Amino acid sequence: MTTDLSKRVPAVVLRMILSGIEEVTGSQYARVLSQAGLMRYADEPPPEDQSPTITEPELSALYGATYDVIGESLTRLFLTRYGQKLPEAMLAGPAGQEMLARMAGVPEAERLGTAIRLIAETGTKLWTPMRATEDDQAYYLEIENCAICARIHNARSPICANSEFFYGALARALTGFRLTALEIECAAVGAPKCKYRIRK
Ligand SMILES: [Zn+2]
């Protein structure tokens with residue numbers, strides 16, 4: 001599987017990511033930008049619009065630089081905060097509304113499975129190829145080329161906290177159930193893919 005090089009991060013999203021990184025890195029922010037090759041944003045953040053900015057590999061380099069400069073805990077803190085801002089906007093937008101509409105009338109016993117498959121389908125279309133799997137205990141979302149941790153290595157525990165929060169929030173909104181997603185395998189820890197578990 002190859003990364004889609006034509007995919008670019010919308011300006012408004014990059015703006016949110018950079019302000020989150022600035023918040024946790026403080027005086028080291030310029031060092032992160034410099035290491036990521038993004039000094040052009042030091043004085044002027046991206047505009048609040050949908051214009052295309054950096055590529056996915058550049059985004060991975062930005063997360064990698066953040067990790068190298070401030071370490072695992074603060075990077076996870078940034079990703080957690082960032083992830084909390086995403087679900088509401090996503091659910092209010094056209095893709096989120098379509099997902100909610102497709103959940104209408106799905107019987108209770110099928111809601112979780114349907115929601116997880118819908119997340120995988122929508123995610124593959126919008127963000128990155130992902131797969132829904134299941135066993136007796138849980139459903140799983142599996143991502144082979146995670147842009148968040150592509151340039152992060154040797155983490156002690158899974159680091160894609162934003163995705164963890166994001167998928168959990170989507171699954172809660174789609175099913176109406178109280179549940180969470182937990183990242184049980186992560187490429188940043190050396191696993192072949194990032195894998196999120198949603199218990200049945
Ligand atoms: Zn991960």
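Quantities reported herein were computed from a predicted structural model and do not represent experimental measurements. Values below: all heavy atoms of this structure, side chains included; hydrogens, waters and symmetry mates excluded. For ligands, and for the atoms within them, numbers begin at 1 and follow the listed sequence.
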field: Cationic N near anionic O, under 4.0 Å, Glu98 to Arg102
entry: yes
message: Looking at Arg131 and Glu144, is any side-chain nitrogen of the basic one under 4.0 Å from a carboxylate oxygen of the acidic one?
response: no
message: Side chains of Tyr29 and Leu18, heavy atoms from C-beta outward: is any pair under 4.5 Å?
response: yes
task: Would you indicate whether the side-chain heavy atoms of Tyr139 and Leu179 approach each other to under 4.5 Å?
output: no
query: Counting backbone and side-chain atoms alike, does Cys146 have an N/O/S atom under 2.8 Å from the Zn ion (ligand 1)?
result: no
- request: Could you tell me which N, O or S atom of Glu183 is nearest to the Zn ion (ligand 1)?
  value: OE2
message: Using the Zn ion (ligand 1) as the vertex, how large is the angle between SG of Cys160 and SG of Cys186, rounded to 10 degrees?
response: 120°
